[in-house]
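Notes follow once the structure below has been shown.
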Amino acid sequence: MAAKWYAIQTYAGSERSVKNAIETMAKQLGIEDKIEEIVVPTEDVIEVKNGKKKITERSLYPGYVFAKMDLDTDLWHKIQSLPRVSRFIGESKKPTPLSEKDVKNILDKIQNRAAPKPKISFEPGEMVRIIEGPFANFTGMVEEYDLEHGKLKLNVSIFGRSTPVEILYSQVEKII
């Protein structure tokens with residue numbers, strides 16, 4: 001039987017540990033030839049913590065691991081019984097191979113990684129509070145968000161007049 005791609009649902013945040021557990025199980029049982037490839041698609045995101053920029057990886061499909069394997073009932077049950085594995089995605093409680101279109105879409109996202117983007121996004125019209133700089137504690141409405149440079153154009157009310165201000169996204173916080 002030819003290897004096909006399957007989606008395995010995991011506990012959220014356990015994608016990498018499930019991938020490692022499947023690889024370890026395959027080595028211990030000597031069935032590495034049945035499992036061709038296991039992927040956890042990720043993207044890079046920019047986080048700002050304590051004023052420092054940091055690039056971290058985030059799962060593109062939280063709670064899912066994708067594996068190309070020659071799946072039979074025995075392998076299915078072995079993977080299903082691993083810790084932090086919820087189930088295989090499929091119809092009638094049986095694993096269903098992913099379509100070629102879905103597999104191509106997932107693999108394209110892995111091969112053509114986008115540039116790191118901020119973890120937080122802003123929408124025009126959204127209200128934010130400025131937390132640093134000369135306009136600290138003022139609130140403003142987002143007019144534009146320059147994702148590439150990480151800058152926001154805000155409309156800030158200063159002494160009752162609407163004033164345009166350009167500021168780094170790391171100098172504001174969202175008002176919930």
Requested in this report: Show your reasoning for whether side-chain contact (heavy atoms from CB on, under 4.5 Å) applies to Leu152 and Phe122.
Outcome: CA-CA 8 Å; Leu152 287 168; Phe122 297 95; 3.7 Å; yes

Query - Pair Glu173 + Arg129, salt bridge at N-O below 4.0 Å - result: yes

Requested in this report: Give a yes or no on whether a salt bridge exists between Glu57 and Arg113, defined as a side-chain N under 4.0 angstrom from a carboxylate O.
Outcome: yes

**Report entry** Spacing of CD1 belonging to Ile8 relative to CD belonging to Gln80, to within rounding of 0.5 Å
**Finding:** 9.0 Å

With a cut-off of 3.5 Å and sequence neighbours excluded, list every side-chain donor-acceptor pair involving residues 161-172.
residue: Ser162; atom: OG; partner: Asn155; partner atom: OD1; Å: 2.4
residue: Ser162; atom: OG; partner: Asn155; partner atom: ND2; Å: 3.1
residue: Thr163; atom: OG1; partner: Arg161; partner atom: O; Å: 3.4
residue: Gln171; atom: OE1; partner: Leu168; partner atom: N; Å: 3.3

Query - For Met69 against Phe88, the heavy-atom pair lying closest together - result: CE-CE2, 4.0 Å

Query raised in the report: Hey, what's the ring geometry for Phe138 with Phe135, parallel, tilted or perpendicular (30° and 60° as the breaks)?
Result: perpendicular

Query raised in the report: Got more than 12 heavy atoms from elsewhere within 6.0 Å of NZ, Lys174?
Result: yes

Report task. Verify whether one side chain among Arg16 and Ser59 offers a donor that lies under 3.5 Å from an acceptor in the other. Result -> no

Report task. Indicate if Val85 and Tyr61 have the same hydrophobic cluster label, given that clusters are the connected sets of ILVMFWY residues with side-chain heavy-atom separations under 4.5 angstrom. Result -> no

**Report entry** Crowding at NZ, Lys34 (>12 non-hydrogen neighbours, <6.0 Å)
**Finding:** yes

Report task. Would you kindly confirm whether Trp5 and Ile110 end up in one hydrophobic cluster when ILVMFWY residues are joined by side chain heavy atoms under 4.5 Å apart? Result -> yes

Requested in this report: Check the surroundings of atom CZ in Arg87: do more than 12 heavy atoms from other residues, nucleotides or ligands lie under 6.0 Å from it?
Outcome: yes

Report task. Using side-chain contact (heavy atoms from CB on, under 4.5 Å) as the criterion, point out the one residue from Asp108, Leu60, Asn105 that pairs with Pro41. Result -> Leu60

Query raised in the report: Side-chain donor-acceptor pair under 3.5 Å between Asn20 and Ser17, yes or no?
Result: no

Query raised in the report: Within a radius of less than 6.0 Å around CG of Asp33, do more than 12 heavy atoms belonging to other residues, nucleotides or ligands occur?
Result: yes

Query raised in the report: Would one find more than 12 heavy atoms of other residues, nucleotides or ligands at under 6.0 Å from atom CE of Met141?
Result: no

Query raised in the report: Between Glu37 and Lys68, is there a salt bridge with N-O shorter than 4.0 Å?
Result: no

